[in-house]
Amino acid sequence: MPDDPEAEQDMAASIFEMTPSLKDIAGLAPVIRADEALKARLGEWVKRVVAADGSFPETEKAALRTIVNVIRGT
């Protein structure tokens with residue numbers, strides 16, 4: 001994740017255009033689990049992404065739960 005807020009927003013916009021698979025997420029999970037700073041930044045980034053459009057429908061909640069479970073390894 002970029003340290004520059006503008007680059008981070010650009011990355012967020014590009015992620016909205018992607019549909020990562022569970023395989024993609026599972027591949028990154030060990031890296032995320034091993035890096036406390038990355039986990040903290042990822043959590044904050046997810047909060048900003050969720051708040052960006054002002055809504056958090058059940059489909060987004062379910063997708064986020066799935067992603068979190070994959071990252072946690074549960």
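- Put simply, NZ on K61 and CD on E58 are 5.5 Å apart, with the number rounded to the nearest 0.5 Å.
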Check the pair T66, N69 against side-chain hydrogen bond (donor to acceptor under 3.5 Å, both in side chains), reporting the backbone distance first and the verdict last.
CA-CA 5 Å; T66 299; N69 288 337; 5.9 Å; no

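- In this structure a side-chain-to-backbone donor-acceptor pair under 3.5 Å is missing from S55 to P57.
- Put simply, CD1 on I67 and CD on E60 are 10.0 Å apart, with the number rounded to the nearest 0.5 Å.
- Atom CD1 of I32 sits about 12.0 Å away from atom CZ of R41, to the nearest 0.5 Å.
- Distance check: R33 CZ to L28 CG gives 10.5 Å after rounding to the nearest 0.5 Å.
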